[in-house]
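What you see is a predicted model; the values in this text were computed from it and never measured. Numbers restart at 1 for each chain; the letters A, B, ... are given by sequence-line order, proteins then strands. Just so it is clear, the values below take in all heavy atoms, side chains as well, and ignore hydrogens, waters and symmetry mates.
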Amino acid sequence: MISIIKYNAGNIRSVAFTLERLNVSYVITDNPEDIRKADKVIFPGVGEANTTMNYLKDRKLDLLIKELKQPVLGICLGMQLLCACSEENDTPCIGIFDEPVKRFQPKKNEKVPHMGWNSLTPTQSWMDTSLTDQFVYFVHSYYVPVNAYTSAITEYTQPFSAAMRKDNFFAVQFHPEKSAEAGEKILSLFLNQV
Amino acid sequence: MLTKRIIPCLDIKDGRTVKGINFVNIRDAGDPVELGATYAQQGADELVFLDITATTDNRKTFVSLVKEIARHVNIPFTVGGGISSVADVEPLLEAGADKVSINSAAVRNPQLIDELARAFGSQFVVLAIDARKIFNQWTVHTHGGSRPTDKKLFTWAREGQQRGAGEILFTSMDHDGTKQGFAIDPLAKLHELLSIPVIASGGAGYREHFTQAFTLGKADAALAASLFHFGELSIPDLKSYLKNNGIPIRI
């Protein structure tokens, strides 16, 4: 069974619908037991870092997530919250990835938020090479610089981490649930291959 | 590379797409869910669904429709029409909409932009602006373009950005329906003035118009309705044309 962590994230419904389209059964839950015993856990995220971290802390979900042993997939803000800290209202985060989350600086032809379809360059095996130059959908104003855990790179104002992995923790900055067939493929990789 | 977005817009009345959609290979062109899923399959980058009746009675129909769209469509979509409060938006987001567009209500009450951005984040808030040139001034209109206001396009777009809008959807009423091309000059000026993305709308008739909107107009996305609905231009044809002409496009 897949558990989608239930909290105040904006894209839970869309993630759930995508799993339905993939014929994968899931529960949306904030029950620690259900999350702990799931085969895999999805940690979605759309919103503001500080408010969301406070919400997680109030329910001790931050500690629970940190201790999970099964494969966990953080999506968008979910990925950023798995990092050490975010420049978005100077928020200390969960700290799986010992990396900072920074704000994009807009350039003349590169506006912020980074919004729309951009291409992937996989650098680590879970993002397999068939995903090279595939387009996925991004909406974000903060990014994680390229680091030792980066598994796919996308360029916007500079190269940044489109996907990361550390041990059982996987993360994507884009929205696989909104990225048409490419997104469904990436979710399938997480659900079936890792 | 970040690509330019092609966005079909569907008008919804009583849970159905509005008359006149003439689409090849579709069972029920009146069904917004099927039409939306077809566009997604063809390579549309986003969709916009506008509830053109937007009365209280129809609200529930629209919310359940949004849920069905979210269930079946695997690309982002914006919903709009008659949104005037945070309370109007909550059920739409809960149903799975990715963004909402606001128009007349924001002109009447600009604070609405701040409230929506604070409650849901800027990326959820698309400020739609309908404008027409009157005595050399791009004048903002509301109520489907029927009422002129004292707001001017460029100052209003800037104010919208400052208040927290995440995108501007600019429709030139002078170009809408003409098939003579998008309003290039004001688009280019919006690009100069703003640091948020701009969606061009109104006037698309030929593939070349999209190239112009992206190169000369510097638009981040372009929206069209009847052109796609009547099968005058297919999304795969448009996108491969644009790609061959050096526009960054997702194929």
Using heavy-atom distances under 4.5 Å, tell me whether E48(A) contacts chain B through its side chain, its backbone, both, or neither.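 Looking at E48(A), nothing touches chain B.
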
Would you say [X] has more than 12 foreign heavy atoms packed within less than 6.0 Å of its [atom1]?
X	atom1	value
K67(B)	NZ	no
K152(B)	NZ	yes
K102(A)	NZ	no
D98(A)	CG	no

Using the side-chain contact (heavy atoms from CB on, under 4.5 Å) rule, take E20(A) and R71(B) through it: C-alpha gap first, then chi angles, then the decisive distance, then the call. CA-CA 8 Å; E20(A) 284 174 25; R71(B) 198 186 293 278; 3.1 Å; yes

Nearest 0.5 Å, what's the [atom1]-[atom2] distance between [X] and [Y]?
X	Y	atom1	atom2	result
N109(A)	D220(B)	CG	CG	9.0 Å
M1(B)	D133(A)	CE	CG	10.0 Å
L187(A)	N74(B)	CG	CG	11.0 Å

Please look at [X] and chain A and tell me whether the side chain, the backbone, both or neither of the residue comes under 4.5 angstrom of a heavy atom of that chain.
X	result
R250(B)	both
A95(B)	backbone
E94(B)	both
H72(B)	backbone

What heavy-atom pair brings F135(A) and T3(B) nearest, and what distance separates the two atoms?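 Looks like CE2-CG2, 3.3 Å.
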
What pair of heavy atoms forms the shortest contact from V73(B) to R21(A), and how long is it?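 Between these two residues, the closest heavy atoms are O-NH1, 3.7 Å.
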
When only pairs under 4.5 Å are counted, which of [options] shares the most heavy-atom pairs with chain A?
options	result
S195(B), G96(B), P76(B), G121(B)	P76(B)
K218(B), Q41(B), E192(B)	E192(B)
L2(B), I75(B), L194(B), D45(B)	L2(B)
G43(B), A70(B), P248(B)	A70(B)

If you count heavy-atom pairs under 4.5 Å between each of S14(A), A180(A), P106(A), G183(A) and chain B, which one has the most?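 With the most close heavy-atom pairs to chain B, the winner is A180(A).
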
If you count heavy-atom pairs within less than 4.5 Å of chain B, which of E184(A), K178(A), R13(A) leads?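 Of the candidates given, the most pairs with chain B belong to K178(A).
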
Which residues share a side-chain contact (heavy atoms from CB on, under 4.5 Å) with P122(A), sequence neighbours left out: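 P122(A) satisfies side-chain contact (heavy atoms from CB on, under 4.5 Å) with M127(A), L131(A), T132(A) only.
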
Sub-4.5 Å heavy-atom contacts with chain B: which residues of residues 111-119 of chain A show up?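 Under the 4.5 Å heavy-atom cut-off, K111(A), V112(A), P113(A), H114(A), M115(A), G116(A), W117(A), N118(A), S119(A) qualify.
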
Pairwise side-chain contact, E46(B) with Y137(A), heavy-atom cut-off 4.5 Å (strictly under):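 Yes; the side chains approach each other to less than 4.5 Å.
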
